[in-house]
Amino acid sequence: MARKITKAIFPVAGMGTRFLPATKSIPKEMMTLVDRPLVQYAIDEARAAGIKEFIFVTARGKSALEDYFDHAPELERALRKAGKDEQLELLKTTNIESGGIAYLRQHRAMGLGHAVWCARRLIADEPFAVMLPDDVISGDVPCLQQMVEAHEEVGGSMVATMDVPREMTGSYGILDVADASTDLVAARGMVEKPDPLSAPSTLAVIGRYILTPSVLKNLDAKKPGSGGEIQLTDAIAEEIREGRPVHGLRFTGQRFDCGSKAGFLQATVAFGLAREGLRDEFGAFLKQLTANAG
Ligand code: UTP
């Protein structure tokens, strides 16, 4: 049976240029979907999957993220005094047990692969998760939990995957598979951002991974790949070339690319409509808006 996954790396050192000027002073992961930052959704998903240690790879200008997971004694005192128990409970979801969270810096944005590699000394000889908080996934069973359950069966490395239109392959890492008919697919290759004409499939990799420590070893020697960045995809592809198993899990749920403006707005609408106490008013507004537009 595969080893238990208790550590997750959250690479949050990117510059978030698609959300400038907002991301000049707010980390992208602190942007708010309804009433909580993107990073809270990722933490909740990680906890549901049994993650106990949270490793953030950050960069300059991201201190708001670290503050978010701190206790806020004055605020807590004020809420207690005002009898606002519900809000106090909500605040608790932002606290992580002392020693359970680590921050380290990627000094230069050299790519996702490099960001993950920066955390290598905090990962011992054990499989670990990587979560990109700008991919927000809704669904009955959280995506990482689905992956952890599948990983218990097959071990090795695993990526979350979903079908995309062929013209979109240039925006994703794409799996090469012999048989794409099942939800759990064995990969025989992986390429970063292939041209639609040469893409080996239309199975795109999205921001959830379970990786074995050998991927970190592969990253030791990695040179910049597609876009001049050190690509995580290349290090995972090397696993496959060396004969170690890599699977793609077609997860159940809906993924929102909150790193793009359109995806972020779609997520805002979907999560707003799903939220008890907001649904009726917000839904009525949207109905009226679309009726007027039509
Ligand atoms: P993106 O490709 O979305 O890049 O990174 P970005 O910088 O965040 O955003 P744009 O494209 O400029 O708008 C995917 C994930 O990898 C992390 C990002 O923080 C994000 O979670 N990343 C990327 C790093 O941690 N370091 C890097 O050098 C690059």
Side-chain angles (χ1 to χ4, degrees), residues 2-3 5 7-11 13-14 49 55 57 106 110-120 122-123 125-135 137 143-144 146-148 150-164 169-180 182-195 198-251 255:
R3 298 249 321 250
I5 320 283
K7 293 183 182 177
I9 299 175
F10 300 82
I55 302 165
V57 182
Q106 182 188 27
M110 289 170 65
L112 174 60
H114 182 261
V116 170
W117 179 79
C118 286
R120 67 199 177 283
L122 299 184
I123 302 291
D125 188 24
E126 67 210 302
F128 58 95
V130 174
M131 300 181 76
L132 308 189
D134 47 6
D135 270 341
I137 303 167
C143 180
L144 191 65
Q146 295 176 40
M147 293 176 72
V148 164
H151 186 260
E152 277 169 12
E153 306 289 323
V154 293
S157 290
M158 184 175 288
V159 296
T161 185
M162 65 180 211
D163 297 281
V164 296
T169 57
S171 303
Y172 296 91
I174 298 289
L175 292 180
D176 182 2
V177 294
D179 176 9
T182 52
D183 287 342
L184 188 60
V185 292
R188 61 179 183 192
M190 195 170 156
V191 286
E192 186 63 24
K193 303 189 172 64
D195 186 88
S198 60
S201 79
T202 52
L203 274 179
V205 174
I206 60 116
R208 301 287 182 277
Y209 308 79
I210 292 175
L211 301 175
T212 51
S214 50
V215 175
L216 295 172
K217 290 243 159 52
N218 300 345
L219 283 166
D220 278 342
K222 274 285 162 275
K223 303 265 177 314
S226 165
E229 298 196 329
I230 295 180
Q231 298 290 350
L232 187 57
T233 301
D234 294 345
I236 301 174
E238 198 168 321
E239 287 293 281
I240 305 171
R241 276 197 299 278
E242 286 173 6
R244 287 190 280 270
V246 175
H247 286 88
L249 178 71
R250 263 201 192 97
F251 58 95
R255 173 256 188 182

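Values in this document were obtained by computation on a predicted structure and should not be read as measured data.
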*Asks:* Tell me every residue that passes ring-ring contact (aromatic ring centres under 6.0 Å, His included) with His114, counting only those two or more places apart in sequence or in another chain.
*Replies:* Trp117
*Asks:* Is there a donor-acceptor pair closer than 3.5 Å between any side-chain N or O of Thr212 and the backbone N or O of Pro127?
*Replies:* no
*Asks:* Would a distance-only check, ignoring hydrogens and angles, find a side-chain to backbone donor-acceptor pair under 3.5 Å from Asn218 to Ala235?
*Replies:* yes
*Asks:* Ignoring hydrogens and angles, tell me if any N or O in the side chain of Arg208 forms a donor-acceptor pair with the backbone of Leu132 under 3.5 Å.
*Replies:* yes
*Asks:* Might you point out which heavy atoms bring Asp234 and Arg241 nearest each other, and give the distance in Å?
*Replies:* O-NH2, 4.3 Å
*Asks:* Between Arg250 (side chain) and Thr182 (backbone), is there a donor-acceptor pair under 3.5 Å?
*Replies:* yes
*Asks:* Is the side chain of Thr169 donor-acceptor paired with the backbone N or O of Pro194 at a distance under 3.5 Å, no angle test?
*Replies:* yes
*Asks:* Go through the structure and list residues passing ring-ring contact (aromatic ring centres under 6.0 Å, His included) with Tyr209, not counting sequence neighbours.
*Replies:* none
*Asks:* What pair of heavy atoms forms the shortest contact from Gly248 to Thr161, and how long is it?
*Replies:* C-CG2, 3.8 Å
*Asks:* Under the side-chain contact (heavy atoms from CB on, under 4.5 Å) criterion, do Ser157 and Arg244 qualify, and how do the steps go?
*Replies:* CA-CA 8 Å; Ser157 290; Arg244 287 190 280 270; over 6 Å; no
*Asks:* Can you tell me if Lys7 uses its side chain to pair, donor with acceptor, with the backbone of Glu126 under 3.5 Å?
*Replies:* no
*Asks:* For the side-chain contact (heavy atoms from CB on, under 4.5 Å) test, which of Val159, Leu175, Asp179 pairs with Val185?
*Replies:* Leu175
